[in-house]
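Per chain, numbering begins at 1; letters A, B, ... match sequence-line order.
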There are 2 protein chains.
Amino acid sequence: MSQLSESTEMYLKAMVELGLNEIVSISRLAERLGVTPVSANEMVRRLGDQGLLTHTPYKGVALTKKGREAACNVVRRQRLWEVFLYEHLHIEWAKLYELACSLEHATAPELTEALATFLGDPKFCPRGNPIPAVDGSFLPLNGKTLSATQVGETLKVLAVNATATDVLKYLQERNVLPGRELTVLEAAPLQGPLTLKVGDKDVALGLSLAEFVIVK
Amino acid sequence: MSQLSESTEMYLKAMVELGLNEIVSISRLAERLGVTPVSANEMVRRLGDQGLLTHTPYKGVALTKKGREAACNVVRRQRLWEVFLYEHLHIEWAKLYELACSLEHATAPELTEALATFLGDPKFCPRGNPIPAVDGSFLPLNGKTLSATQVGETLKVLAVNATATDVLKYLQERNVLPGRELTVLEAAPLQGPLTLKVGDKDVALGLSLAEFVIVK
DNA sequence: TGGAATAATAAGGTTTACCATAACATTTTA
DNA sequence: TAAAATGTTATGGTAAACCTTATTATTCCA
Ligand SMILES: [Mn+2]
Ligand SMILES: [Mn+2]
Ligand SMILES: [Mn+2]
Ligand SMILES: [Mn+2]
């Protein structure tokens, strides 16, 4: 049964990244995957036929049990590779996601588990996100998104959810990294940018970027 | 320019595995890649159009300079991964080729070189084959194929060229592995099998398998 | 409640990399 | 040197995963 294609795995992973147990609209899925809504619609039908997800027209898409298992497995491979690339190969933080995103599809189960053992069964990736266990279980991050905080709060960065290398590079250069502390100095009105104090530097961060930063 | 497709990379790698600088017939290439000669012909035309190889009708296919560089780079990635899988993840010897054969296509140049450094710039893979340098240069193995030896000779295994997991498993189980010594006890007539002494066991080896074993 | 926005479906097209079958060309070998 | 084997090309098909342009359906909101 069932070697899933790279494309299929990316659709499943996107469903997890957009929120496990969320109902995701096809347009959001399409945007995340960089395809047209029409294409995403076609793919969703195919994945539906394979029993990986369900689509309720005009509502959105949700993973089935089978789909969630497969999806968590992709995420597991991805984040284990991120750990390896960071800790052993010393690859630049902002490039981890992209490089691991290729490897994840070329990684047999046997290899995944050998890698996990080699790495000492890490629980988090260098972006601060939890690594699903073999059985698919997930430590939820209980934090909130930086875009939903009040001026004056001092917070610790738990994780960065972004995936695009240029976004990650922007955050890396400004030290908005897991483990760092920051203070919200100002929130410009009308969905304007946040001004943060990170270390001794002021950082401007658009709300859409702030969405990617999980803090506590 | 030019991210090569997985399929393209496999054709190029096959050209190296069938003998760098050899002229290879399309049928041999087809057989190695598990496609029909007609399909191989089509692909060879495409790779020819990209300037990666040249095809002389009724003679065979040869890599161009550009093709040889790309091909050696694929082989480099493959064999570096084999080293990693063997030495660090302790993957079974017979499975190295197959697992590394997926990873090789998902490995960016930056990652390849970080991996090489991590591994200490190894010169040989666990199957005994040389790892091409970044510039494509190759230490040639100067040995001969086991199928071309005389009864009575005692030889050391330099490398195993096989790629199919079942073939590798067969050889592994009989200790026909790089570094091992063996003696040719008998060569059955009419292209019949060889009988070898490996350690204290007798091993029967068909000539087509013996082709894969490089000895000195 | 009606128009705008969003979502879905239909229809036709592309590219890559395969397949089979058939016809034809060249080389090998008996 | 003719038949057999091997190699090439032509033709037509398939499947996956994309695309665009329309058309139709639903939902949201002013
Ligand atoms: Mn990926
Ligand atoms: Mn491969
Ligand atoms: Mn269609
Ligand atoms: Mn055609």
Side-chain angles (χ1 to χ4, degrees), chain A residues 1-15 18-19 22-63 67 70-71 74 101-102 104-106 191, chain B residues 1-15 18-19 22-63 67 70-71 74 101-102 104-106 190-191 208:
Chain A
M1 293 334 47
S2 90
Q3 246 304 58
L4 304 175
S5 72
E6 171 160 348
S7 188
T8 295
E9 290 193 335
M10 288 305 285
Y11 274 80
L12 295 176
K13 194 176 74 165
M15 287 298 297
L18 292 170
E22 295 277 308
I23 291 174
V24 176
S25 74
I26 286 198
S27 55
R28 223 153 74 91
L29 200 50
E31 195 190 3
R32 162 67 66 132
L33 292 164
V35 299
T36 64
V38 176
S39 296
N41 231 286
E42 288 171 357
M43 266 304 270
V44 161
R45 187 184 39 71
R46 285 188 209 117
L47 302 214
D49 291 347
Q50 292 177 255
L52 296 166
L53 44 79
T54 54
H55 177 211
T56 312
Y58 300 102
K59 300 298 173 203
V61 179
L63 289 168
V74 180
C101 187
S102 298
E104 66 194 356
H105 313 291
Q191 312 283 48
Chain B
M1 287 7 20
S2 85
Q3 248 304 58
L4 304 176
S5 72
E6 171 159 348
S7 188
T8 295
E9 290 194 335
M10 288 305 284
Y11 274 78
L12 294 175
K13 194 176 74 164
M15 287 297 298
L18 292 171
E22 295 277 307
I23 290 175
V24 176
S25 75
I26 285 197
S27 55
R28 222 152 77 88
L29 200 50
E31 196 191 1
R32 162 69 66 132
L33 292 163
V35 299
T36 64
V38 176
S39 296
N41 231 288
E42 287 172 357
M43 267 303 270
V44 161
R45 188 183 39 70
R46 284 188 209 117
L47 302 214
D49 291 347
Q50 292 178 255
L52 295 166
L53 46 77
T54 54
H55 178 211
T56 313
Y58 299 103
K59 299 301 173 200
V61 180
L63 290 167
V74 180
C101 187
S102 298
E104 66 194 357
H105 312 289
L190 300 167
Q191 313 282 48
S208 55

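Side-chain nitrogen and oxygen atoms of B:Thr36 include at least one within less than 4.0 Å of the OP1 or OP2 phosphate oxygen of C:dC19. OP1 or OP2 of C:dT9 lies within a sub-4.0 Å distance of a side-chain N or O belonging to A:Asn41. At the phosphate of D:dA16, neither OP1 nor OP2 sits under 4.0 Å from any side-chain N or O atom of A:Ser5. Applying the 4.0 Å criterion to OP1 and OP2 of C:dA7, one finds that A:His55 has every side-chain N and O outside that range. For D:dA16, neither phosphate oxygen OP1 nor OP2 lies less than 4.0 angstrom from any side-chain nitrogen or oxygen of A:Tyr11. A sub-4.0 Å separation between OP1 or OP2 of C:dT16 and a side-chain N or O of B:Ser7 is absent.
Within the structure, side-chain hydrogen bond (donor to acceptor under 3.5 Å, both in side chains) pairs that include any residue of residues 27-48 of chain B comprise B:Glu17-B:Arg32, B:Ser25-B:Ser27, B:Thr36-B:Ser39 (at least two apart or interchain). Pairs engaging residues 53-62 of chain A under the salt bridge (Lys or Arg N to Asp or Glu O under 4.0 Å) rule: none recorded [sequence neighbours left out].
The CD-P distance, from A:Glu42 to C:dA10, rounds to 11 Å in whole Å. Taking atom CE of residue B:Met43 and atom P of nucleotide C:dT16, one finds them 10 Å apart after rounding to whole Å. Taking atom CD of residue B:Glu6 and atom C1' of nucleotide C:dT15, one finds them 17 Å apart after rounding to whole Å.
Between A:Met15 and A:Ala62, the closest heavy-atom pair is CE-CA, 3.9 Å. When all heavy atoms of A:Leu12 and A:Gly67 are compared, the closest pair comes out as CD2-O, 4.2 Å. A:Ala40 and A:Ala30 get closest at one heavy-atom pair: CB-CB, 3.7 Å.
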Nucleotides 23-28 of chain C: which of its N/O atoms have a protein N/O under 3.5 Å away?
unit_1 : atom_1 : unit_2  : atom_2 : d
C:dA25 : N3     : B:Tyr58 : OH     : 3.4

N/O contacts under 3.5 Å, protein versus nucleotides 1-5 of chain D?
none

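Checking C:dC18, D:dC18, C:dT21 against every side-chain atom of B:Val38, the shortest atom distance belongs to C:dT21.
Counting heavy atoms from C-beta on, the side chains of A:Gln50 and A:Leu4 come closer than 4.5 Å.
Residue-level contact check: B:Ser39 touches the bases, meaning some heavy atom is under 4.0 Å from a base atom.
Between A:Leu47 and the options A:Leu63, A:Val61, A:Thr8, A:Thr54, a side-chain contact (heavy atoms from CB on, under 4.5 Å) holds for only A:Thr8.
The number of heavy atoms from other shown groups lying within 6.0 Å of CD1 (B:Ile23) does not exceed 12.
Contacts between residues 24-34 of chain B and DNA chain D, counted as heavy-atom distances below 4.0 Å, involve B:Ser25, B:Ile26, B:Ser27. Contacts of residues 45-53 of chain A with DNA chain C (heavy atom under 4.0 Å): none.
Here the CD-SG distance, from A:Glu6 to A:Cys101, works out to 7.0 Å after rounding to the nearest 0.5 Å. Atom NE2 of A:His105 is separated from atom NZ of A:Lys13 by 5.5 Å, given to the nearest 0.5 angstrom. From A:Ser102, atom OG reaches atom CD of A:Glu104 across 7.5 Å, with rounding to the nearest 0.5 Å. Here the straight-line distance linking atom OH of B:Tyr11 with atom CG of B:Leu52 works out to 13.0 Å at 0.5 Å rounding.
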